[in-house]
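Within every chain, numbering begins at 1; the chains are lettered A, B, ... in the order of the sequence lines, protein sequences first and strands thereafter.
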Amino acid sequence: DGGITQSPKYLFRKEGQNVTLSCEQNLNHDAMYWYRQDPGQGLRLIYYSQIVNDFQKGDIAEGYSVSREKKESFPLTVTSAQKNPTAFYLCASSPSGQETQYFGPGTRLLVL
Amino acid sequence: AQSVSQHNHHVILSEAASLELGCNYSYGGTVNLFWYVQYPGQHLQLLLKYFSGDPLVKGIKGFEAEFIKSKFSFNLRKPSVQWSDTAEYFCAVIPLSGGYNKLIFGAGTRLAVHP
């Protein structure tokens with residue numbers, strides 16, 4: 001059963017804490033992406049990776065970090081430098097940068 | 001900067017009414033176009049896409065969209081909506097400019113269909 005999985009579904013962050021969101025895909029896609037969804041703003045690109053061991057900043061990368069050590073995995077860390085982290089985070093993948101992106105179920109991050 | 005505009009943020013319809021959601025983009029070159037849908041509690045799903053060929057494309061659940069290049073538009077239509085079409089709809093565009101081609105989303109349109 002192919003697809004994109006994200007965990008956890010809900011995540012709570014305390015002040016000053018770094019948290020990591022997981023994203024795994026078994027679609028054999030080269031490209032992976034992280035988006036942030038806020039009400040009324042659509043999806044904004046945080047980071048993207050076109051191939052393993054390479055990634056680039058998107059439009060709102062400040063306060064976030066990623067790694068791409070394996071083709072299947074693209075974890076996102078929300079650092080303490082991100083002052084407004086409460087949002088819905090979506091991971092996506094695609095065969096290449098021009099093709100259709102497929103999305104995971106998302107992680108909702110809340111700040112305590 | 002490249003952008004995607006969705007004209008209506010909220011739309012309320014009765015069942016069996018016709019639907020048209022507007023989408024315009026700002027890029028003069030070749031584009032790939034998408035409509036995604038997010039049903040309550042579910043993840044973002046592809047509704048339909050246009051890469052080339054017939055500018056009238058049909059998607060899942062009776063939706064269709066028409067690409068009008070001269071108007072930079074990709075409007076979504078459905079002749080008769082159902083209560084189950086209640087969802088948020090996102091138009092998205094990939095401007096094909098060489099190198100990395102970013103998927104740019106509109107702000108979304110929330111559709112509520114009343115029985």
Side-chain angles (χ1 to χ4, degrees), chain A residues 1-10 21-25 27 29-51 54-61 68 87-108, chain B residues 1-11 21-27 29-52 57 59-60 65 87-110:
Chain A
D1 188 16
I4 303 172
T5 57
Q6 291 186 243
S7 61
K9 187 173 182 179
Y10 295 96
L21 285 61
S22 169
C23 177
E24 304 276 332
Q25 55 99 359
L27 301 168
H29 287 170
D30 284 322
M32 297 187 73
Y33 314 82
W34 274 105
Y35 293 90
R36 170 177 171 144
Q37 185 178 13
D38 295 283
Q41 295 191 49
L43 279 70
R44 293 180 290 168
L45 182 65
I46 305 173
Y47 267 96
Y48 65 95
S49 168
Q50 297 188 78
I51 56 172
D54 183 60
F55 51 83
Q56 304 296 329
K57 292 181 178 180
D59 299 320
I60 55 165
R68 186 87 186 276
F88 191 50
Y89 291 87
L90 289 165
C91 178
S93 72
S94 66
S96 74
Q98 295 182 3
E99 298 181 67
T100 304
Q101 292 184 21
Y102 297 91
F103 287 81
T107 293
R108 190 165 296 279
Chain B
Q2 296 145 355
S3 64
V4 177
S5 298
Q6 292 185 238
H7 310 306
N8 308 98
H9 294 298
H10 293 92
V11 174
L21 301 182
C23 173
N24 286 91
Y25 62 92
S26 62
Y27 181 70
T30 304
V31 292
N32 288 346
L33 298 156
F34 307 84
W35 275 96
Y36 284 89
V37 60
Q38 192 171 33
Y39 297 104
Q42 297 187 29
H43 62 259
L44 211 59
Q45 304 172 36
L46 181 69
L47 200 54
L48 48 78
K49 64 183 179 184
Y50 172 81
F51 286 7
S52 64
V57 292
I60 60 172
E88 189 161 18
Y89 294 81
F90 294 93
C91 180
V93 174
I94 297 180
L96 301 176
S97 57
Y100 171 66
N101 304 119
K102 188 172 72 172
L103 182 62
I104 303 169
F105 281 87
T109 297
R110 286 188 181 271

With only heavy atoms counted, which part of A/L45 is less than 4.5 Å from chain B, the side chain, the backbone, both or neither?
-> side chain
Of the backbone (N, CA, C, O) and the side chain (C-beta and beyond), which part of A/D59 lies under 4.5 Å from a heavy atom of chain B, both, or neither?
-> side chain
May I ask you to name which of B/K49, B/H9, B/R110, B/K102 has the most heavy-atom pairs under 4.5 Å with chain A?
-> B/K102
Structural part of B/L103 lying under 4.5 Å from a heavy atom of chain A | both
Listed by residue number, which members of residues 37-45 of chain B have a heavy atom under 4.5 Å from any heavy atom of chain A?
-> B/Q38, B/H43, B/L44
Is chain B contacted by the side chain of A/Q6, its backbone, both, or neither, given a heavy-atom distance below 4.5 Å?
-> neither
Roughly how far, to the nearest 0.5 Å, is the CD atom of A/Q101 from the CZ atom of B/F105?
-> 6.0 Å
